[in-house]
Undergrad: 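Would you mind keeping the following structure in view while I ask a few things?
Reminder, nothing fancy here: chain letters follow the sequence lines and each chain counts from 1.
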Amino acid sequence: MSNLPIIPVALPLVAGIVLALIRERTVASRAVSLLVNCVGLGVAWSLMMKVQSEGIQTLGFGGWAAPYGIFFAVDMLSALMVLVTMVVSTATLLFACFSLDEFRERRFFYAFFQFLLVGVNGSFLTGDLFNLFVWFEVLLISSYALMVLGSEGYQLQETFKYLVINAVSSMLFLIGVAVIYSLTGTLNMADLSVKLALVEDQGAVAAVAVIFMMVFGLKGGLFPLYMWLPRAYFAPPTVISALFGGLLTKVGVYALFRTTSLMFVDNVPFTLPVLIVVSAGTMFFGVLGALAQWDFKRVLSYHIVSQIGYMIMGLAIYTPLALAGAIFYIVHHILVKTALFLIAAAVEKLRGTTNLARLGGVMESRPALAVLFMIAGLSLAGVPPLSGFVAKLMLIRGGLEEQSYFIVVVSVLVSFLTLFSMMKIFRYGFWRSSESADLDETGAGMRIVATSVLVGAGIVLGLGAVWVLPYAELAAEQMLDTQGYIDAVLGPGASN
Amino acid sequence: MKRDSLIFMTVVPWVVPVLLAASLMLFLKGHNAPGGGFIAGLLTAVALVLRLLAYGSESVRGKESLYINLIIGGLAIAATTAIVPTLLGYPFFTHTFGHVHVALLGDIELASAALFDLGVYLVVVGNVVTVIVALTLSDEPPSDRDAQANGAEGTGAQDGH
C-alpha cells in the first residue's frame, strides 16, 4: 500500500502549521504557500495518473484492515476533484498574494487557506462516512475563519448566519451517521454499500437517505436550501469568495454524488426522482435570483446555485453519459466560476465597487479583464466551443436518451437566462462608458496573470475535451460500478 | 470582571493543583480507558480559566500569543506522529509501543499514540484559553478594565478557530 493518497492532505497540514508559525513574515508566507501549492499540484497529478493506470487506490490508516480502520479510497472522481482543487487554489493564492491587505495576511490567512485545503482534499479522498464528517468540519472551521477575517460589520453578521446554518446541518449529518451506524454497525462507505441492502427496516434507510440529501443539499446550496449562499459569499473579500464559490459547495455536491451512488440508489427508490425535481428547482430559481441582482458578486453567487442544478441533473439521470457530463461539469464549473469571481475581485480593486449600476468602462481601462470575462462568461452560459458547451451537451444528450424531457427543457431555458445575465454584467460593468475613475492599484498585472491561468485552463478543457473526457468517463464508470469500489476497499489484496 | 470574592480567591490555589493532577491522570489513563488528551486538555484549561476568574486578567494579559503558539505546537506534534510513519514506509498514522522498566513504578508501556494525545492536549488547552481570553478581555487600557463589565467588542474573536 502506498501513502500517496494521504499526501494531498498531509502537505497542506504541515504547510498550515509552518505558515501559522511564520505569520508575521508576509513575504515568506506567500512564497511558502505558493511553493507548497505547486508541489501539491504535482502530487494531485501523479495521484490521478496512478488511479488511471492502476485503478482505485486505497490506504488504511495505521495499517488497520477494512472495514475497521479509517480508509482513504481514491477513484477517478476523487482524483479529478483533488486535481481541480489544487489548480484553482494555486491560482486563487497567487491572486490573494497580490490583493489582500496586510492585516489579513498577518492574521493567519495563509494558514487557514492551507487548513481549508486539508478539509477539502480530505473530503474528496476519504472512504469513511464519519471521517467525511470530520473533514467537513475541518473545512468549515477554516471557512468560518476566512470568512470573518477582518471583522467588518457585514462580515460578522453574515458569518454568524453561515455558522448557525452549518452547525445545524453538521448536527443533522451527525444524526444521520448515528442512525446509519445503529442500522448497520459500520461506517465504511464500501461496507455500507453492502450492508444497507441487508437492513430489515428499509423505511429507516429511506429516512437516512433523506437526512443526507438535506445535509448535502444545505452544504451544496441545493433548492430549496440555498438561501444562505448568496449573502454569505458576498461578505468576505472577493478573492476569498472566489475560493468558496469555486470549491466549497462542490464538496457538498461531491458528497451527494458519493453517498447516492454507493449507498442510496439501489436501496431507496425515490432518490433519483427527487433529485430531478431538486435539480430543476436549483437551476431555475438560482438563475431567477441572479437576474434580479444588480451586483457583480451577487449575480455570480446566484449563478453558483443555478449551476449546481446541472451537476445534480447528471446525477439524477444516472447513466454513464450523464454522469460523465456532470463530472465534466463540476470540473468546468470550479475553474470558470473561480475565474469569474477573480475577475470580479480585480474589477473591485480597480473601481472600489462591484455594483453594476456604478461600474462601467472597464473595457477601456483594462481590456484584458473584459476579454477574460467574455470568455469565462460565455463558457458559463455554454457557448461552443468552450467547456460549458461540452458539459451541457453531454448532460442534455444524456437526458434525451432517458426521455427526461422536462429537465432538458429547463436546462436549455436556464442556459439562455445565464447568457442573458452574463451579458448584463458585460453590458453594464465593462462596456458602457462611465465617469468613474480607476483607483490607484498595485499588483494588477499579477492578478490578471492569476485569472488568466484559470480562464486558460477553462479554454483547454473546452477545446481539449477529447483528452479530458476519457477521465470523466472513467470516473462515471467507476461511480456506476459500485462493486468495483467495494472490491477495491474490502476485497483481499487491496487492504495492506 | 468581578474579582473581589475572598472565598473564591482562597479556594482557587487549592483547587487548581487538584484539577491539574486529575488532568494528568486522565491523560495517562486515556490510552486504554476513558480519558485522553482532549478531556485532559479541557480540565487543564478549566484550571487556567479558574485562575483567570479569581485573579483577573493580569494572569493572562500579554500571553495571548503564547496560547496561540500552544495550539500551533500541539498541532505540529500531532501531525508529526501521524506523518513520521509514512517516511519510514508504514501507512499514515501507524503507531507503535514498547515496554520500559522503571524503578519503583515497574513495567510501563510507552506508546507513540501518547505523543499524538499530547498534541491534542496542547491544542485543546491553547484553544479554550485563547477563546475565553478573547471573549473576556477587551483591548481597552488596563485602567478602564473594571468598567468594561458590559463587554466591549472583543477584537481577538477570530483567533479562536
Undergrad: In Å, rounded to the nearest 0.5 Å, how long is the span from CD of A/E24 to OG of B/S65?
TA: 9.0 Å

Undergrad: Check the surroundings of atom CZ in B/F38: do more than 12 heavy atoms from other residues, nucleotides or ligands lie under 6.0 Å from it?
TA: no

Undergrad: Test of understanding: with ring-ring contact (aromatic ring centres under 6.0 Å, His included), list the residues that count as partners of A/Y154, not counting sequence neighbours.
TA: A/F234

Undergrad: Could you list the residues that satisfy ring-ring contact (aromatic ring centres under 6.0 Å, His included) with A/F133, not counting sequence neighbours?
TA: A/F130, A/F173

Undergrad: Taking atom CG of B/L43 as the centre, does the number of heavy atoms from other residues, nucleotides or ligands within less than 6.0 Å exceed 12?
TA: yes

Undergrad: Would you say B/K29 has more than 12 foreign heavy atoms packed within less than 6.0 Å of its NZ?
TA: no

Undergrad: Using non-hydrogen atoms and a limit below 4.5 Å, what part of residues 36-48 of chain A faces chain B?
TA: none

Undergrad: Partners of B/Y121 by ring-ring contact (aromatic ring centres under 6.0 Å, His included), sequence neighbours excluded?
TA: B/F27

Undergrad: Under a 4.5 Å heavy-atom cut-off, does chain A meet the side chain of B/I83, its backbone, both or neither?
TA: side chain

Undergrad: Please classify the contact between A/L21 and chain B as side chain, backbone, both or neither, with a heavy-atom cut-off of under 4.5 Å.
TA: both

Undergrad: Rounded to the nearest 0.5 Å, what's the gap from OG1 on B/T80 to CG on A/L13? Could you check?
TA: 9.0 Å

Undergrad: What distance do B/I68 atom CD1 and A/R23 atom CZ have between them, rounded to the nearest 0.5 Å?
TA: 5.5 Å

